[in-house]
Amino acid sequence: MVEAVTSAARTAPGPDRDQAVRPAPAGGGRATRLRAAVHRRRVDLVVALLFVALAGWLTHGLWPAPGTRMLALNPADQTLYEWFLALDARALHGEFSLVTDRLNAPDGVNLMANTSVVALGVLLAPITLAFGAPVTFALLVAGNLAGTALAWYLLFTRTLRVGPLAAALGAAVCGFGPGMVSQSNGHLHMTAQWLVPALVGLVVRLLRAADPAGRPEGPDRVRAASSAVGLAVVATVQVFVGEEVLFLTALTLAVTAVAYGLADRDLLRRALPTFAGGLLGAAGLALVVLAYPLWVQFAGPQGVADGIFPPAYFSADLTGWTRLSALTVFGSPEAVRLTTGPAEFTTFLGWPLLLVTVACAVWLCRRALVVAVVAAALVTAALALGPEVVVGGERTGVPGPYALLAGLPVVDGALPMRFALPVLPLVGTLLALAVHRARQDRGRAGRLVPVAVGAALLSVFPTPLPTVERPALPEFVTGGHWRQCVRPGGVLVPVPTATPKDPWPMRWATATDVAFGMPEGFFIGPYGEGGTATMGTWQRPTSALLADVARRGVPPAVGDRQRRQAARDVESWGASCVALTDDAPHAELLRRTLEQLFGPGTRIADAWTWRF
């Protein structure tokens, strides 16, 4: 690993491979180093601004007023994440728990069992409270893309020691590749990958400290210990950003480390004891902090211990690797049929990028790092195919490597096709190494490789995320009139109630910084057979009756039995108020139904209300 991650250092004067330049003598050398450092900072700033500009352009449909715009391809998930961000922001008021009663009242929702991006919500709570959750959401969609790319750029330049152009091209794949852009359609927990390069960098730092080569005193145990502590801290934070990303990162690093050790047996013998000890120490430290949150997730109230999505359905189509995402300039909308939706173009690299990546890997194949990166890419790409290989939309009956993992705890919580996401940074690493080496080569490769890589990246250049106008919220909510019928911290029942298919009423709570609770809703909970995970919960009879009226517009039969059931349901929810706004489907018919159930309502702004 030392040989690989310090490749650029070998071209620097002097024998010291741990430094990009040897210690400079007094006088002119110090001035030269200062000028070089200033130049590097300027280049870094330019690259960062380019990444920010690209992220801003890709998300420009949400600006300048995120409160009036929304993602067109996955509005339901955006509704959910904005609700999470608004809930997380309440931590600034001292109101936070890993199980909340502000949704699915009275049972509540387990935030650890959901992709609640707690760390992001708390970090950006001041923005949420000042400008609203839609602004925070839009910032995170753009910030995750730019931040991930910048983090990889810094890793490539600081750890791999490659030049800025090579690093920028490789980082662009990591931050703006097809999988990242498609996941930006509502999946904040998957695109917030800016801590992944930090994890990788700390693992490399630990390995370098564990290798006694060139140090008579043996491994640098102080540096190894500090790296292990850093790993524990970053991994712990990542749990509260996105556990699935942490799992995929850990799996990829494990495969990379094993492959690297097999490719460099001498390093394996020298560094294994200290390196393995550091990793175990990091895991132990992290588990001490995470013991309670993980218990809440798997065994606590409303916790779930299994995955919710069927692996066979969320498997990557083998053909998808050769196609271009519909969210790229040369992509075709027909590509959607090879995946489960616009947020899951995780494998769509296309022939140009695949062929250039393979050529770069063959060119650099003598390096242990390249062997390890290729091995990790092949393993994760194969796992993405799921339990049964699918080609062109047809199941082949051939078992995929994922079949070996299916049913294992934790593993079944990750969608198979998302195992393809680590391929992006692995491809970015190969391209960065190839361009860096080519620029050092004065021959034909020095001209051919950068051009080929640039052309391949143009083939997957992303297009802006589609957006639409956001429906206006009722005056009953935006004007604060809801306070007239909801007790402080009480439960408001919107008609119809929020569901996974139509979570729109959750925006009412989001607009009020989740000042009240709601029954039912869009979340993951233990409402399947035998307490298994499901999306949402079962509807109570009254909410099911009202939802049917809203859907079909047919007057229901309402008698004493329905009125008694409605009273029981309201009591079960702990409801302060039932509210029907004028924008509800079949609003007039719903009002008459509610009057039959609860008696005459009270008009407040643009809503009819029933207090309890």
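Atom set for the values below is all heavy atoms of this structure, side chains included, hydrogens, waters and symmetry mates excluded.
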Considering all heavy atoms of both residues, which atom of [X] and which atom of [Y] are nearest to each other, and what is their separation?
| X | Y | value |
| --- | --- | --- |
| Pro352 | Ala456 | O-CB, 3.9 Å |
| Ala171 | Phe51 | CB-CZ, 4.0 Å |
| Thr157 | Pro164 | CG2-CA, 4.4 Å |
| Ser325 | Pro178 | CB-CB, 4.1 Å |

Start with the C-alpha distance between Arg269 and Asp211, add both sets of side-chain angles, then the distance that settles salt bridge (Lys or Arg N to Asp or Glu O under 4.0 Å), and finish with yes or no.
-> CA-CA 9 Å; Arg269 285 190 293 269; Asp211 182 12; over 6 Å; no

Hey, does [Y] have a side-chain heavy atom less than 4.5 Å from the side chain of [X]?
| X | Y | result |
| --- | --- | --- |
| His189 | Val245 | no |
| Pro126 | Leu92 | yes |
| Ser184 | Leu145 | yes |
| Val370 | Leu433 | yes |
| Phe240 | Val117 | no |
| Leu327 | Pro462 | no |
| Cys360 | Leu431 | yes |
| Leu267 | Leu207 | yes |

Under 3.5 Å, is there a donor on one side chain and an acceptor on the other for [X] and [Y]?
| X | Y | result |
| --- | --- | --- |
| Tyr81 | Ser116 | no |
| Arg205 | Thr159 | no |
| Thr136 | Thr128 | yes |

[atom1]-[atom2] distance between [X] and [Y], expressed to the nearest 0.5 angstrom:
| X | Y | atom1 | atom2 | answer |
| --- | --- | --- | --- | --- |
| Leu188 | Phe137 | CG | CZ | 5.0 Å |
| Leu160 | His436 | CG | NE2 | 9.0 Å |
| Thr100 | Asp88 | OG1 | CG | 9.5 Å |
| Gln183 | Asp77 | CD | CG | 9.5 Å |
| Asp264 | Asp266 | CG | CG | 6.0 Å |
| Leu195 | Thr249 | CG | OG1 | 9.5 Å |

Does the pair Thr148 and Phe176 meet the rule for a side chain to side chain contact (heavy atoms under 4.5 Å, CB included), with working shown?
-> CA-CA 9 Å; Thr148 299; Phe176 298 96; over 6 Å; no

State which residues pass side chain to side chain contact (heavy atoms under 4.5 Å, CB included) with Leu279; sequence neighbours excluded, sorted by chain then number.
-> Leu206, Leu231, Phe275

Can you check whether Ala86's main-chain N or O pairs, donor with acceptor, with Glu82's side chain at less than 3.5 Å?
-> no

Which residues share a salt bridge (charged side-chain N to carboxylate O under 4.0 Å, His left out) with Arg366, sequence neighbours left out = none

Applying salt bridge (charged side-chain N to carboxylate O under 4.0 Å, His left out) to Arg90 and not counting sequence neighbours gives Glu95

Would you list the atom pairs, donor with acceptor, under 3.5 Å between side chains in residues 416-430 and any protein atom, with sequence neighbours excluded?
{"from": "Arg418", "atom 1": "NE", "to": "Glu344", "atom 2": "OE2", "distance (Å)": "3.2"}
{"from": "Arg418", "atom 1": "NH1", "to": "Glu244", "atom 2": "OE1", "distance (Å)": "3.0"}
{"from": "Arg418", "atom 1": "NH2", "to": "His187", "atom 2": "ND1", "distance (Å)": "3.4"}
{"from": "Arg418", "atom 1": "NH2", "to": "Glu344", "atom 2": "OE2", "distance (Å)": "2.7"}
{"from": "Thr429", "atom 1": "OG1", "to": "Pro425", "atom 2": "O", "distance (Å)": "2.8"}

With side chain to side chain contact (heavy atoms under 4.5 Å, CB included) as the test, would you mind laying out the steps for Trp152 and Val196 before giving the verdict?
-> CA-CA 8 Å; Trp152 281 106; Val196 173; 3.7 Å; yes

Just list the side-chain donor-acceptor pairs under 3.5 Å for residues 286-298, sequence neighbours left out, or say none.
{"from": "Gln297", "atom 1": "NE2", "to": "Glu243", "atom 2": "OE2", "distance (Å)": "3.3"}

Ring centroid separation Phe348 to Phe345 under 6.0 Å | yes

Please test Thr339 against Thr346 for side chain to side chain contact (heavy atoms under 4.5 Å, CB included), starting from the C-alpha separation and ending with a verdict.
-> CA-CA 9 Å; Thr339 186; Thr346 54; 5.9 Å; no

From CA spacing to verdict: side chain to side chain contact (heavy atoms under 4.5 Å, CB included), Leu98, Asn110 | CA-CA 6 Å; Leu98 294 179; Asn110 188 313; 5.6 Å; no

Applying ring-ring contact (aromatic ring centres under 6.0 Å, His included), name anything that partners Phe96, two or more places apart in sequence or on another chain.
-> none

